[in-house]
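One structure is given below, encoded as structure tokens.
Atoms within a ligand are numbered from 1 in the order they appear, just like the ligands themselves. Worth saying up front: this structure is predicted, and the values here are computed from it rather than measured.
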Amino acid sequence: MSSGFRAPKGISEYVPPRADLLYAIRQAFAERARLAGYGYLELAVFEDTQLFRRGVGESTDVVSKEMYTFEDRGGRSLTLRPEFTAGVLRAVLEHGLPGRGLPVKVWTTGPAFRAERPQQGRYRQFYQLDLEAIGGEDPRLDAETIAIAWNWYRDLGLRQVRLLLNSLGCKECRPAYRARLQEFLRSLDLDEATRARIDLNPLRVLDDKRPQVQAQLTDAPLMADHLCAGCKAHHDRVRELLAALGIAWEDEPRLVRGLDYYTRTTYEFDHPLLGAQSGIGGGGRYDGLSEDIGGPPLPGIGFGLGLDRTILALEAEGTPFTAPPACQVFGVALGETAERVLFAAIDELRGAGIAADASFGGKRLKGAMKDADRSGAAYAVIVGERDLAAGSVQLKDLASGDQVAVPLTDLTTTLKERLSR
Ligand code: HAM
């Protein structure tokens, strides 16, 4: 079946049952965020283009090549959000949240847009969970945010997630390191495009995956060896706190993130079964971002977790995490009076917290029972005129095929009891 239209290229869409899984993992995250005191935000999907240019940075691939930018009818340049952090900070400032006390702890979720070359795990519309703690320099915030993501992965049953950790220094120590790195990189045999990067964004060269580049980088100076005393103490403290929480990480001194705002703590969650798109989440500090977008000094830390890749990781590991059942009880009515009675009974079941559905369109027994099987329900309630006359309905266990008559008045309690076994 088709309308002739197709979704634009590279868009990640979800329909049941995968969409139910997406919803369930979001809910599990919402619970983790709530338990840690993070409030929910619902924000603009498009923003003033300048926000991303100044926030995410002109030298990044995201801003220079991947933004969906358009002019609105009033001639304003707008961009579909390629990430959340700049918009979260913009909104936190715009709505005066820092006035209610610091740090501002918030989270949000939804689609983000990047005009990338689509492939498995890389889409032009994709979905993130984003959590930020704004207005605090305390290394406990770094560890707390990492722990929220870590615990959520564990809630989902993911066992193979790796946490890669680094520090990118601050405006005190990074410029000197950057100059040193540039000097080193200029002495290498690199192609034109990579040479251009040395001036623009030398740290990104460290991240180059090509073996001929990596081979030349073995002696490259590393930020970890050039941190100022403040950054070193901060980084050591974050690592102590993670260890105290029992979180395992790997120091990755070459880890560089694709967005310009990062300072100090930076990290990625990586999944070894996902091939080229193995980054299932990432985050870090952005102590200068608020000022970059014209706000007051307000350090922050947070992360973005890729929902699409998390689902791929769940599927790759075969974890038992599943969405709650879409249907537990399926009603089949034979005849008009039965339909009326069933309609009310189904409503009562739903009111008691049981996922219940019924056959529609006046199907005969055979067709309706096929619907019941397809629904995935554990039980079918079959209502016939003769049973009704006796005040009862038939309850069929769809796995075993066993069928018993149950008084209509006892239907909800009977099912509640059976489903909780
Ligand atoms: P990011 O690393 O650019 O960070 O994106 C976070 C996650 O989004 C990635 O680890 C990946 O799982 C997912 N992702 C990114 N691009 C795509 C794509 N094209 N298709 C599918 N999934 C994708 C950020 O966006 C930062 N704002 C995170 C952050 C929050 N840092 C501090 N606070």
Side-chain angles (χ1 to χ4, degrees), residues 9-14 22 25 29 33 38 41 43 47 51-52 55-57 60-63 65-68 80-90 92 103-134 141-142 144-146 148-149 152-153 158 161-164 166 168 204 207 255-271 274-290 292 299-314:
K9 193 172 162 211
I11 304 282
S12 165
E13 288 190 310
Y14 292 85
L22 180 84
I25 71 177
F29 185 86
Y38 287 74
L41 299 174
L43 299 181
E47 298 268 3
L51 176 71
F52 301 119
V56 176
T60 61
D61 284 353
V62 169
V63 169
K65 302 184 195 156
E66 297 171 358
M67 293 210 297
Y68 282 102
L80 296 180
R81 63 182 174 203
E83 63 102 49
F84 286 76
T85 312
V88 168
L89 195 49
R90 189 270 308 144
V92 161
V104 177
K105 305 211 295 188
V106 286
W107 76 281
T108 185
T109 182
F113 307 86
R114 296 182 192 176
E116 300 199 76
R117 203 156 40 79
Q119 54 177 267
Q120 169 90 333
R122 195 210 270 163
Y123 311 105
R124 292 181 173 174
Q125 175 177 316
F126 58 98
Y127 304 87
Q128 277 190 5
L129 292 164
D130 183 272
L131 178 138
E132 316 284 354
I134 295 164
L141 288 171
D142 305 38
E144 171 177 290
T145 49
I146 290 174
I148 291 169
W152 175 69
Y153 287 131
L158 287 171
V161 178
R162 292 163 64 215
L163 167 59
L164 310 175
N166 195 17
L168 288 181
R204 287 300 287 175
D207 212 23
L255 177 79
V256 181
R257 308 261 304 124
L259 313 168
D260 272 357
Y261 48 62
Y262 289 111
T263 53
R264 293 194 163 176
T265 310
T266 40
Y267 55 91
E268 268 178 21
F269 293 104
D270 188 80
H271 199 284
L274 294 192
Q277 307 305 323
S278 64
I280 59 171
R285 275 207 162 267
Y286 43 87
D287 293 345
L289 176 58
S290 176
D292 289 345
I301 179 145
F303 58 68
L305 309 178
L307 280 165
D308 312 85
R309 293 184 194 172
T310 302
I311 289 196
L312 292 172
L314 285 170

Indicate, as side chain, backbone, both or neither, the part of [X] found under 4.0 angstrom from ligand 1 when only non-hydrogen atoms are considered.
| X | result |
| --- | --- |
| I301 | neither |
| R122 | both |
| F126 | side chain |
| Q277 | neither |
| R257 | side chain |
| D130 | side chain |

Nitrogen or oxygen atoms of [X] and ligand 1 under 3.5 Å apart:
| X | answer |
| --- | --- |
| L305 | no |
| D308 | no |
| Y286 | no |
| Q128 | yes |

For Q125 and Y127, does a side-chain donor sit closer than 3.5 Å to a side-chain acceptor?
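The answer is yes; a qualifying pair exists.
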
If we count only N and O atoms by modelled type, under 3.5 Å, do the side chains of Y261 and T85 hold a donor and an acceptor together?
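On atom types as modelled, these side chains qualify, holding a pair under 3.5 Å.
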
Shortest protein contact, [atom] (heavy atom only):
| atom | value |
| --- | --- |
| atom 32 (C) of ligand 1 | G302 O, 3.1 Å |
| atom 19 (N) of ligand 1 | E116 OE2, 2.6 Å |
| atom 30 (C) of ligand 1 | T85 OG1, 3.0 Å |
| atom 13 (C) of ligand 1 | G306 CA, 3.7 Å |
| atom 24 (C) of ligand 1 | L259 CD1, 3.5 Å |
| atom 21 (C) of ligand 1 | G121 O, 3.3 Å |

Which of the numbered atoms in ligand 1 are below 4.0 angstrom from a heavy atom of [X]?
| X | value |
| --- | --- |
| G304 | 6 (C), 7 (C), 28 (C), 29 (C), 30 (C) |
| I280 | 10 (O), 12 (O) |
| E132 | 30 (C), 32 (C), 33 (N) |
| G279 | 9 (C), 10 (O), 11 (C), 12 (O) |
| G281 | 10 (O), 12 (O) |
| G282 | 10 (O), 28 (C), 29 (C) |
| G283 | 31 (N) |

At the 4.0 Å heavy-atom cut-off, does A86 count as touching ligand 1?
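The answer is no, since A86 has no heavy atom less than 4.0 Å from ligand 1.
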
Options E66, R114, Q125, E83, ranked by nearest heavy atom to atom 3 (O) of ligand 1, top entry
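Residue with the shortest heavy-atom distance to the ligand atom: R114.
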
Please compare F84, Y261, Y262, Y123 and report which has the shortest non-hydrogen distance to atom 31 (N) of ligand 1.
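Heavy atom nearest to atom 31 (N) of ligand 1 belongs to Y262.
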
Please give me the minimum heavy-atom distance between [X] and [Y], naming the atom from each residue.
| X | Y | result |
| --- | --- | --- |
| R285 | P299 | NH1-CB, 3.9 Å |
| Y262 | G283 | CE2-C, 3.6 Å |
| I25 | W152 | O-NE1, 3.0 Å |
| V256 | R204 | O-NH1, 3.6 Å |
| L131 | A33 | CD1-CB, 4.2 Å |
| L41 | V88 | CD1-CG1, 3.8 Å |

Short N-O contact, E268 and R257, less than 4.0 angstrom:
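Judged by the 4.0 Å cut-off on N to carboxylate O distance, E268 and R257 do form a salt bridge.
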
When rounded to the nearest 0.5 angstrom, what distance separates [atom1] in [X] from [atom2] in [Y]?
| X | Y | atom1 | atom2 | value |
| --- | --- | --- | --- | --- |
| R90 | R81 | CZ | CZ | 10.5 Å |
| I301 | D142 | CD1 | CG | 3.5 Å |
| L289 | L259 | CG | CG | 10.0 Å |
| D130 | F84 | CG | CZ | 6.0 Å |

Under the side chain to side chain contact (heavy atoms under 4.5 Å, CB included) rule, collect the residues that match up with P118, sequence neighbours excluded.
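Side chain to side chain contact (heavy atoms under 4.5 Å, CB included) check on P118 returns K9, R124.
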
For D270, give me all partners under side chain to side chain contact (heavy atoms under 4.5 Å, CB included), at least two apart in sequence or on another chain.
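Per chain and number, D270 pairs via side chain to side chain contact (heavy atoms under 4.5 Å, CB included) with R162, L164, S278.
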
